[in-house]
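Right, I'll just put the structure down here and ask away after.
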There are 2 protein chains.
Amino acid sequence: MTQTDITPHGVSISVTEASPKLGRKRDHTRDPEILEAALDVLAETGFDGMTVDMVAARAKAGKATLYRRWPSKNELVLDAVALMKKADVEPSKLPDTGTLRGDLVAMIKPPSIKDGERKLSIMAGLFSMLWRNPELAHAANAALVEPRVAANRILIQRAIDRGEISAQSDVETLALISPSMAAYRSLILQKPVDREFLISLIDEVLMPAFGLRGGDPV
Amino acid sequence: MTQTDITPHGVSISVTEASPKLGRKRDHTRDPEILEAALDVLAETGFDGMTVDMVAARAKAGKATLYRRWPSKNELVLDAVALMKKADVEPSKLPDTGTLRGDLVAMIKPPSIKDGERKLSIMAGLFSMLWRNPELAHAANAALVEPRVAANRILIQRAIDRGEISAQSDVETLALISPSMAAYRSLILQKPVDREFLISLIDEVLMPAFGLRGGDPV
DNA sequence: GATATACGATACTGTAGAGTTTCGGATCTT
DNA sequence: AAGATCCGAAACTCTACAGTATCGTATATC
């Protein structure tokens, strides 16, 4: 399971599997580039606005090359979304400031905000598709949202463990607040999910919901 | 401004405006039926999956009839979404139980839940479209979400006025919590926004955020 | 360096659906 | 009742795009 072994989506095209004694090997090193291009186009135009030609052009690849690797636009997008999982937050890299609020604030550094914005764009682009494709809906949630929710879960659990917040707290619901409101704000209100918003979210909603008071030290 | 004067979307097609001395008048009484059919199809298949033929079939109308009234599928959908505004919650009909929690719980009676589900379906169907059409995004928010947020604002303001919750409460942010989390749960998690969820939302998130304790008397 | 193969570019095919036109029948107006 | 106009149905055109096929070029393997 190497790093480059990304998302073969299980579809083996070559049935004959003839022995390639001579010639050129299939260059799979460009797969991630193509998938990233697909994500860009997806985020910019949405699934239905997105054409395979756009993706090919963006990746400077031939359309035929894309079809050599993915049997359809659907599979391409599915793989592209799956690629996002690589950005999973490692538990060991989570902030550990000693207070829940400190941890939450530490989570919203600029690179994280930008990453979040891209994920929301991709999510928005997927939506019409999502509605008719439960498999994709699940994959999208797993790749785009669940990592952040999982991180929140860990931070909250830590706060419970050190007695900062009540052990009766509903971790599952609480971990969903921030992603929920960020998604709504971005996807529906089409307003930016910036530091100011996230801070006010922490102080106005999250901290009270944890039974704590929001603070000013940012 | 009569009741039936729904959504002329400002496009006057008849340039000549010749005097129709004889014959049959255009039957605009069916416009709402057609728009409701459009909303149904939209909720079921999403904007991009929706075809004008589907809408015509559902409304038992000819496709030509639709195009006689709306210049394009876009305008049709725009008008259909605008139609939803009719379901605006009248402030005078809002519950007034004496406590904020009582009011909030009273808001989630079954018919309201069903209405909310339909709105979320429509919202989901619109999404890919929304992404490329800010005008529609605004109209959708105004018609589908804003009414509920406005109702929440009123309930919260009342609670402030009678001293139940702090006057420093951020009404705007707090009014958004419930719609945000409901939308996220439905659109992204594709889980039902049912009474159980809404109650736990009130008790686990809203009430603490208001500085109150959730109660059991449902 | 020869050769087989993958590559990017581009031309092509097939289909689905937006929007138009046509037409016989229904219905409002006088 | 008569005539003008609207209706639903269905056939039609046109365009966009998914997916395929072709071709000259580039490159890895031998």
Side-chain angles (χ1 to χ4, degrees), chain A residues 9 11 13-34 37-38 41-42 44-80 125 128-129 132-133, chain B residues 9 11 13-34 37-38 41-42 44-80 125 128-129 132-133:
Chain A
H9 66 72
V11 178
I13 303 172
S14 55
V15 178
T16 52
E17 201 72 60
S19 51
K21 292 269 170 60
L22 213 57
R24 188 185 173 186
K25 263 192 206 147
R26 185 160 270 177
D27 175 19
H28 272 201
T29 58
R30 291 211 56 204
D31 282 19
E33 288 177 52
I34 296 172
V41 176
L42 182 60
E44 284 163 22
T45 69
F47 180 87
D48 301 276
M50 160 188 189
T51 70
V52 177
D53 293 87
M54 282 185 205
V55 178
R58 165 86 56 138
K60 274 169 194 151
K63 187 157 68 151
T65 302
L66 270 64
Y67 278 101
R68 270 177 213 123
R69 290 180 178 141
W70 296 276
S72 74
K73 179 181 163 184
N74 260 290
E75 308 297 323
L76 172 66
V77 171
L78 216 54
D79 270 10
S128 65
M129 189 66 209
R132 283 171 287 169
N133 192 337
Chain B
H9 66 69
V11 179
I13 305 171
S14 55
V15 179
T16 50
E17 201 71 59
S19 50
K21 290 270 169 63
L22 213 58
R24 187 184 174 189
K25 265 190 205 150
R26 184 161 268 177
D27 175 21
H28 272 200
T29 59
R30 292 211 55 203
D31 282 19
E33 287 178 53
I34 296 172
V41 177
L42 183 60
E44 284 163 23
T45 68
F47 180 87
D48 301 276
M50 161 190 189
T51 71
V52 177
D53 294 86
M54 283 186 206
V55 177
R58 164 89 54 140
K60 275 169 193 148
K63 187 157 70 152
T65 303
L66 270 64
Y67 278 102
R68 271 177 212 122
R69 290 179 176 144
W70 295 276
S72 76
K73 179 181 164 185
N74 260 290
E75 309 295 325
L76 172 66
V77 171
L78 216 53
D79 270 11
S128 66
M129 189 67 209
R132 281 171 286 170
N133 192 338

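Within every chain, numbering begins at 1; the chains are lettered A, B, ... in the order of the sequence lines, protein sequences first and strands thereafter.
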Do you know which two heavy atoms are closest between A:Asp48 and A:Met129, and how far apart they sit? OD2-N, 4.5 Å
Kindly write out the residues that satisfy salt bridge (charged side-chain N to carboxylate O under 4.0 Å, His left out) with B:Arg30, not counting sequence neighbours, or none if the list is empty. B:Glu33
Just how far, in rounded Å, is C1' of D:dC17 from CG of A:Leu76? 15 Å
Filtered N/O pairs between nucleotides 12-19 of chain C and protein, under 3.5 Å:
residue	atom	partner	partner atom	Å
C:dA18	OP1	B:Met50	O	3.2
C:dA18	OP1	B:Lys73	NZ	3.3
C:dA18	OP2	B:Val52	N	3.1
C:dG19	OP2	B:Tyr67	OH	3.2
C:dG19	OP2	B:Lys73	N	3.0
C:dG19	N7	B:Lys63	NZ	2.9
C:dG19	O6	B:Lys63	NZ	2.6

Between OG of A:Ser128 and CZ of A:Phe47, what distance do you get to the nearest 0.5 Å? 7.5 Å
Evaluate the criterion side-chain contact (heavy atoms from CB on, under 4.5 Å) for residue pair A:Arg69 and A:Asp79; output intermediate values, then yes/no. CA-CA 11 Å; A:Arg69 290 180 178 141; A:Asp79 270 10; over 6 Å; no
Is B:Arg30 close enough to D:dG8 that one of its side-chain N or O atoms is under 4.0 Å from OP1 or OP2 there? yes
How close do B:Leu42 and B:Met50 get, counting heavy atoms only, and between which atoms? CD1-SD, 4.0 Å
Does a nitrogen or oxygen in the side chain of A:Arg69 sit under 4.0 Å from OP1 or OP2 of D:dG19? no
Quickly work out the B:Trp70 CH2 to C:dT20 C1' distance and round it to whole Å. 18 Å
Could you state the atom-to-atom distance from NZ of B:Lys60 to P of C:dA26 in whole Å? 17 Å
If you compare all heavy atoms of A:Gly62 against all heavy atoms of A:Ala56, which two are closest, and at what distance to 0.1 Å? C-CB, 4.1 Å
Looking only at heavy atoms, the pair that brings A:Arg58 and A:Ala37 closest together is CG-CB, 3.4 Å
Return the value, rounded to whole Å, for the distance between atom CG of B:Leu66 and atom C1' of D:dA9. 13 Å
Any protein N or O atoms within reach of nucleotides 22-24 of chain D? Criterion: under 3.5 Å, listing atom names and distances.
none

Nearest non-hydrogen partners of A:Asn133 and A:Asn74, listed with the distance: ND2-OD1, 3.8 Å
